[in-house]
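Convention: sequence-line order gives letters A, B, ...; per-chain numbering from 1.
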Amino acid sequence: MRRATGVLGALVALLGAACGGDGGGTAPSVTAPAPPELTVSFVRDALTVEEGKTADIEVRYRSGSLASPLSVTVFPVGQGASREDYELSATSFEIPAGQGVAGTAALALTALPDNQISEGQEMVLFRLAPPAGIRAQLGANLIVTIADGAGVACPGIRVQASPVAPLDGAPWLTTSLAISREPGAGRVQFDWEGPYLHDANCADDDCREWWETRSPVLELNVVEWRIESSPRGTHHSMDIEWHEAKTAQLRFRSPAGACASDQAVSCAYTGCILTE
Amino acid sequence: MTSTPAAAAPDQRRQIRRAALATAGFAGALLVGSSPGWGYRHYRSLDEDSLIPHSDTARRWAEDAWRPGGTLVFHVHGGSDWSPHFGSAEDVGALVETAAGVWGRVATADLKMRVDGVVRAPGRGRDGLNLVVVGTEEPERNSATRWSVRNRANGRWEHVECDVTLGQERLERIADADVPNGLSTVIHEIGHCIGLAHAAVTPTVRWDRDWTDSSVWQKDPVMSYGRDIDNELTEDEVVGASLLRPAPGWLRTTGSLSGRVRHDGGPAAFVSVHLLRNSGGRARPGVQVFTDETGVFLAEGLAPGEYLLWIHPMLAQNAHDRLLEQADPLFDLNDSHEMQVFVVHAGQETRAGEFLLWRGRFVP
């Protein structure tokens, strides 16, 4: 019964708002809703966290009269990021007992790094849930966007890629690799592991024979290569295109041992990952 | 002796491939030495050991044959049958002069050349004339034949004459004004006369027209056996020719960059080292050099500035067969480059250190 009244009250409130509030109409002949025992909402309705970083989720609350403390749950809904993509410091917070208690609670959300280095985004929706039976007014849900961060290929070498996209009208994929080198980083070479190709335009044996006298070439188009060099380091941005059925792979290597392991950037239709 | 297979049809390619395997020795009088095509970028003077000579050990023109500031004079061979693709030998002269003019426009070099009409000389041979003749013995190939003598004063071999042979079966393409790069083969042979050997091709595939135009790898050098050649010189050839015949004062404005390349089995001989220039924050094509037998490279004639290195194995082996006779380089090395930028200063040699190449290049 209480719930039915609450829904009707909300509907009336919605109608009132739609009609402009105090427009002089006749007051509805329904019972006024009971005030909520609890008002609780996220301070912000959206925030973005880069992988590897932590952001606070703040919740504002105000209670009517609570005889005992209340635990409010923060839980994820919807699709997108999975539980492996982030970590919450807690999944609930407590509102102390008392009359007219107001305050804020904060939870820490840490976006966990994965091996994706494409600047993709994953989203997760958080909802607040008071205990059952509590008459509560809830604010909007919180949308958290987890942004893929740069990967660390070697100490002082960071790499990130733009989202892999198809090239219009052609079976090619494109991305932009951003590679930064801090001043103290050791010498690191990029070793292109592929894709390599003999000339595929050969339509006859003679042509193929001709090309067999030549080494395969890198089946990769470097559209543009931008360089920024300063005392803060060197930043490269390389726009590349490659065949959609293949994987473009660039391994970071250091003859002098600057890299603990020879990690590689592998770019395919699904994106770019940093992998060993 | 060399040929240019740019944009050749398959049958032409077969012929060109056969031609490329030919050697380049010629007979001569007592003081006439052979002038084989060693590695890019210059032909060596035979008193040097390395197959990859530096510019100061490269074979140049004798001053009494082509003095500094002077003009190298060609003649068209009147005894050759230039029909039906050319109306007259004079038409050939105009075309050769156009090709020579491409080199002559290089502001950093001393490369004035002209064609002084038609002569009725016997043909190719050490006759004091730089002739342009029709090749009938091997009609599918073009070539440049350089004649050298040893300079008694310094013991160096020097060019004294160069004959350009245009294969009879190649004349149609050369004469066809509708072929966009038809002149490139003549430019190529004149480049050999100047003293340039074959350049490397660019390291990425060039054939897909669906791709966005690359601003990094724009085209292959005229002096290469590449696929994407036009009638203009790349920076690679401009620098190479300028090192052989520098314009007054130019050398002082340039610097050089050197280094060593190896693989896990030892020195990486005859691999291509491309230098990409940082032009306003964007990598642009620069010059290419080969490593020598010990994996050492030296890129000279560089404008001061920042350079990136892109290193890969020899790709168009058929353009460098003389090198392959002398060594056994690896072809399965991966392309490699480094994000460190190397700064070149005028009058200085920047030492880039050592680079390592890894094997694994294969087509699945």
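- Looking at Pro203(B), only its backbone comes within 4.5 Å of chain A, counting heavy atoms on both sides.
- In the model, Trp192(A) has a side-chain atom that pairs as donor or acceptor with a side-chain atom of His337(B) under 3.5 Å.
- Taking non-hydrogen atoms and a 4.5 Å limit, the residue list of residues 267-276 of chain A in contact with chain B is empty.
- Looking only at distances, a side-chain donor or acceptor of Arg361(B) sits under 3.5 Å from a matching main-chain atom of Pro216(A).
- With a 4.5 Å cut-off on non-hydrogen atoms, Glu306(B) touches chain A through its side chain but not through its backbone.
- Gly353(B) and Arg187(A) make their closest contact through CA-NH1, 3.8 Å (heavy atoms, listed as atom of the first residue, atom of the second, distance).
- Under the side-chain contact (heavy atoms from CB on, under 4.5 Å) test applied with Asp335(B), the options Leu220(A), Leu218(A), Val217(A) reduce to a single match, Leu218(A).
- To the nearest 0.5 Å, atoms CG (Leu167(A)) and OG1 (Thr212(B)) are separated by 5.0 Å.
- Contacts between residues 49-56 of chain A and chain B, defined by a heavy-atom separation under 4.5 Å, are made by no residue at all.
- Residue-environment remark: CD (Gln348(B)) exceeds the threshold of 12 foreign heavy atoms within 6.0 Å.
- Contact annotation for residues 222-235 of chain A against chain B (heavy-atom separation below 4.5 Å, listed by residue number): Val222(A), Val223(A), Glu224(A), Trp225(A), Arg226(A), Ile227(A), Ser229(A), Thr234(A).
- Ranked by non-hydrogen atom pairs under 4.5 Å with chain A, the options Ile311(B), Leu333(B), Leu308(B) are led by Leu308(B).
- Rounded to the nearest 0.5 angstrom, Asn334(B) CG and Arg253(A) CZ are separated by 7.0 Å.
- With rounding to the nearest 0.5 Å, the separation of CD1 in Ile240(A) from OG in Ser214(B) is 12.0 Å.
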For Glu338(B) and Val188(A), what are the C-alpha separation, side-chain angles and deciding distance, and is it a side-chain contact (heavy atoms from CB on, under 4.5 Å)? CA-CA 6 Å; Glu338(B) 183 172 314; Val188(A) 176; over 6 Å; no
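- When Asp213(B), Val341(B), Asn278(B) are compared by the number of non-hydrogen pairs under 4.5 Å with chain A, Asn278(B) comes out ahead.
- One finds the NE2 atom of His236(A) at 4.0 Å from the CE atom of Met339(B) (value rounded to the nearest 0.5 Å).
- For residues 267-276 of chain B, the interface with chain A (any heavy-atom pair closer than 4.5 Å) comprises Leu276(B), sorted by residue number.
- In this structure, Arg251(A) CZ and Trp358(B) CH2 are separated by 10.5 Å, a value rounded to the nearest 0.5 Å.
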